[in-house]
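Here is the structure we will look at, set down as structure tokens.
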Amino acid sequence: MGSFKNIPVARLIEDDYDAIEKFFSMKGNFILTTELNADVSAYDLQAILPQNAAQKILLVAGSESHGIISEEIKKIINKCPNVIRVKIPCHGKNESLNLSVAAGILCYEISKFLNK
């Protein structure tokens, strides 16, 4: 819980959607989202983010079984040009990870970039 207080987190409301779309269309600001059919591995973030000079990153993750289900959030993601879609490779017969585990892995991979 102590680490949670060190990471900016926000709950979005519909009034914020246009501003978020505009902000994450600006150079250096990225939306990072997980998708099962993404071509990029989450473990490759260090190679991707520096090339794009990332300054602000918004992590958007959906449920384990359904992914991102909010049509409004999908609409924002699809309108923004600065979206990085990644997947977390699973081994064996695993199909997906619990959302909190996936978010933890992504936060760890992002922190490796931010600590450089």
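Owing to the predicted nature of the structure, the values given are computational and were not obtained by experimental measurement.
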Quick check for you: to the nearest 0.5 Å, what is the distance between [X] atom [atom1] and [Y] atom [atom2]?
X: Asp16; Y: Glu72; atom1: CG; atom2: CD; result: 12.5 Å
X: Leu45; Y: Phe30; atom1: CG; atom2: CZ; result: 11.5 Å
X: Ser25; Y: Ile31; atom1: OG; atom2: CD1; result: 7.5 Å
X: Ile84; Y: Ile110; atom1: CD1; atom2: CD1; result: 9.0 Å
X: Ile88; Y: Ile105; atom1: CD1; atom2: CD1; result: 4.5 Å

Do side-chain atoms of Asn82 reach the backbone of Met26 as a donor and acceptor pair under 3.5 angstrom? yes

Contacts of Lys79 meeting salt bridge (Lys or Arg N to Asp or Glu O under 4.0 Å) (sequence neighbours excluded), chain-then-number -> Glu21

Could you work out, with salt bridge (Lys or Arg N to Asp or Glu O under 4.0 Å) as the rule, every residue matching Lys74, not counting sequence neighbours? Glu71

Might you confirm whether atom [atom1] of [X] has over 12 heavy atoms from other residues, nucleotides or ligands at distances under 6.0 Å?
X: Asn37; atom1: CG; value: yes
X: Tyr108; atom1: OH; value: no
X: Ile69; atom1: CD1; value: no

Which heavy atom in Leu99 sits nearest to a heavy atom in Ala61, and how many Å separate them? CD1-CB, 3.5 Å

Do Phe24 and Ile77 come close enough that some side-chain heavy atom pair is under 4.5 Å? no

Checking Leu59, Val60, Val83 against Leu32 for side-chain contact (heavy atoms from CB on, under 4.5 Å), the one that qualifies is Leu59

Take Thr33 and Ile73, measure what side chain to side chain contact (heavy atoms under 4.5 Å, CB included) needs, and give me the verdict at the end. CA-CA 11 Å; Thr33 184; Ile73 300 300; over 6 Å; no

Taking side-chain contact (heavy atoms from CB on, under 4.5 Å) as the test, write out the residues that go with Ala38, two or more places apart. Glu35, Arg85, Lys87

So Lys75 and Tyr17, side chain to side chain contact (heavy atoms under 4.5 Å, CB included) or not? Walk me through it. CA-CA 9 Å; Lys75 193 182 308 181; Tyr17 293 170; over 6 Å; no

Please report the C-alpha distance between Tyr43 and Val86 in whole Å, then the side-chain angles of each, then the deciding distance to 0.1 Å, and finally whether the side chain to side chain contact (heavy atoms under 4.5 Å, CB included) criterion is met. CA-CA 9 Å; Tyr43 306 128; Val86 299; over 6 Å; no

